[in-house]
Amino acid sequence: DILQGGKALVSNGFAESSCTVPQPALKIGEAAGFSGVVRAIGAGTELLVSGKQGTALGDAAKVGPSSFGQVHIGDTGTLVAGDQASVQVGLHAIATDQATPSVTTQSASGLGSITIDGRGALVYGSDTAPIPTGSVKTGQIVLNAADSQIRFNITDSLSFDQAVSGPGQLVQQSGSTTLSNHLATP
């Protein structure tokens with residue numbers, strides 16, 4: 001859980017490493033027999049997901065196909081964004097100063113994707129009792145299975161404008177959600 005103003009940066013390595021095949025930087029609930037939940041809850045809370053990143057400000061320009069962060073939610077995984085928290089997937093050009101390991105630059109949020117398999121879920125609000133919504137910035141949400149879900153369990157209203165594709169489900173548990181025209185057919 002990332003709570004009340006906490007910040008977490010997840011990446012899949014540094015720009016200098018030789019891996020060029022894009023791999024999800026964050027995998028939730030993929031191991032057989034185990035479930036996983038990542039919750040970002042509370043004002044000022046941020047979960048930042050990037051691909052490859054530079055080790056100094058000058059390295060931030062090293063952007064290629066593996067630089068865009070991705071999230072994979074497996075059959076037993078859940079990602080939750082609630083109560084004004086922000087989840088940003090696909091950040092690139094994130095650099096950290098080697099002397100101080102804090103994020104010094106960030107740009108181009110919303111370029112990566114969230115892929116949901118099996119009974120995995122992306123939840124706006126809470127996976128238990130309804131709370132105010134959080135935000136998720138991503139390039140696309142892919143629902144790979146009929147049981148894959150995006151759930152809205154909120155106490156307020158949300159204008160949902162993310163690009164979504166696949167045969168999965170949008171589930172309104174509580175609150176009010178207005179859908180944009182970005183939804184695609186499988």
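As a basis for the values below, the full set of heavy atoms in this structure was taken, side chains included, without hydrogen atoms, waters or symmetry mates. For clarity, every value in this text was computed on a predicted model and none was experimentally measured. In this chain, numbering begins with 1 at the start of the sequence shown.
Counting only residues at least two apart or in different chains, ring pair (Phe, Tyr, Trp, His ring centres under 6.0 Å) contacts with residues 161-180 are absent. Sorted by first then second residue, the salt bridge (charged side-chain N to carboxylate O under 4.0 Å, His left out) pairs that include residues 163-175, not counting sequence neighbours, number zero. For residues 122-142, the ring pair (Phe, Tyr, Trp, His ring centres under 6.0 Å) pairs, not counting sequence neighbours, are Tyr124-Phe152, Tyr124-Phe160. Note on residues 167-179: no pairs pass salt bridge (charged side-chain N to carboxylate O under 4.0 Å, His left out), not counting sequence neighbours. The list of salt bridge (charged side-chain N to carboxylate O under 4.0 Å, His left out) pairs with a residue in residues 171-181, not counting sequence neighbours, is empty.
Counting heavy atoms from C-beta outward, Thr133 and Thr177 have side chains that stay 4.5 Å or more apart. Taking the side chain as every heavy atom from C-beta outward, Leu122 and Leu79 approach each other to under 4.5 Å.
By the side chain to side chain contact (heavy atoms under 4.5 Å, CB included) test, Ala8 pairs with Ile2, Leu47, sequence neighbours left out. In this view, Arg39 and Asp1, Asp127 satisfy the side chain to side chain donor-acceptor pair (under 3.5 Å) rule, not counting sequence neighbours. When the side chain to side chain donor-acceptor pair (under 3.5 Å) test is applied to Asp83, no partner is found at least two apart in sequence or on another chain. With sequence neighbours left out, Thr155 forms a side chain to side chain contact (heavy atoms under 4.5 Å, CB included) with Pro130, Pro132. With sequence neighbours excluded, no residue satisfies side chain to side chain donor-acceptor pair (under 3.5 Å) with Asp147. Under the rule for a side chain to side chain donor-acceptor pair (under 3.5 Å), the partners of Gln149 that lie at least two apart in sequence or sit in another chain are Arg151, Gln169.
With Asp117 contributing its side chain and Asp75 its backbone, the two residues share no donor-acceptor pair below 3.5 Å.
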Subject >> Trace of the side-chain contact (heavy atoms from CB on, under 4.5 Å) decision for Ile116 with Leu143 >> reply: CA-CA 5 Å; Ile116 306 171; Leu143 300 168; 3.7 Å; yes
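Considering all non-hydrogen atoms of both residues, Ser165 and Gln140 come closest at OG-NE2, 2.8 Å.
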